[in-house]
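Everything on this sheet refers to the single structure shown next.
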Amino acid sequence: QTSLTVFQMFVGLVGAVSMGLSFFVLLVSTTQNIRENVWEYGCLRAIGFTKAQGLRCFMYEQYTVVLSALLLGTVIGLVLACVVTA
């Protein structure tokens with residue numbers, strides 16, 4: 001019983017650390033993506049995009065990146081969990 005409790009605490013700690021690291025990686029990725037897209041945003045404004053259209057374009061891109069990372073992480077996590085338990 002004691003070893004099971006210790007193992008559950010270890011798994012919870014590893015999960016919390018990985019979630020924290022994932023948050024900061026996503027934050028840095030988003031910040032870097034915004035910095036790189038300043039030129040692209042200027043080009044879009046030059047060809048006639050309004051501020052709302054430019055914002056919508058970048059928000060769609062960020063949603064796509066986050067959702068694809070979520071989907072990919074979930075699939076890889078499930079596959080690895082099945083392999084480890086087998």
* Closest approach of Lys51 and Arg45, non-hydrogen atoms and distance? -> N-NH1, 3.1 Å
* Structure fact -> Grouping ILVMFWY residues whenever side-chain heavy atoms fall under 4.5 Å, the cluster of Leu72 otherwise contains Ile76, Leu80
* Atom pair CD (Gln8) and CG (Leu4), whose distance is rounded to the nearest 0.5 Å -> 4.5 Å
* Who else is in Val28's hydrophobic cluster (ILVMFWY, side-chain heavy atoms under 4.5 Å, direct or via others)? -> none
* To do: Give me the other members of the hydrophobic cluster that Phe23 sits in, counting Ile, Leu, Val, Met, Phe, Trp and Tyr linked by side-chain heavy atoms under 4.5 Å, directly or via other members.
  => Phe24, Leu27
* **Reported CG-to-CD distance for the pair Leu44 and Gln53, which is rounded to 0.5 angstrom** => 9.5 Å
* Asked: Taking only residues two or more places apart in sequence, or in another chain, which ones meet Ser68 in a side-chain contact (heavy atoms from CB on, under 4.5 Å)?
  -> none
* To do: Would you give the length of the straight line joining atom CZ of Arg56 to atom OG1 of Thr50, rounded to the nearest 0.5 angstrom?
  => 7.0 Å
* Asked: For Met59, what residues pass the side-chain contact (heavy atoms from CB on, under 4.5 Å) criterion, not counting sequence neighbours?
  -> Leu55, Tyr63
* Asked: Any sub-3.5 Å donor-acceptor pair from Ser22's side-chain atoms to Ser18's backbone N or O?
  -> yes
* **Remaining members of the apolar cluster that contains Val38, side-chain heavy atoms under 4.5 Å** => none
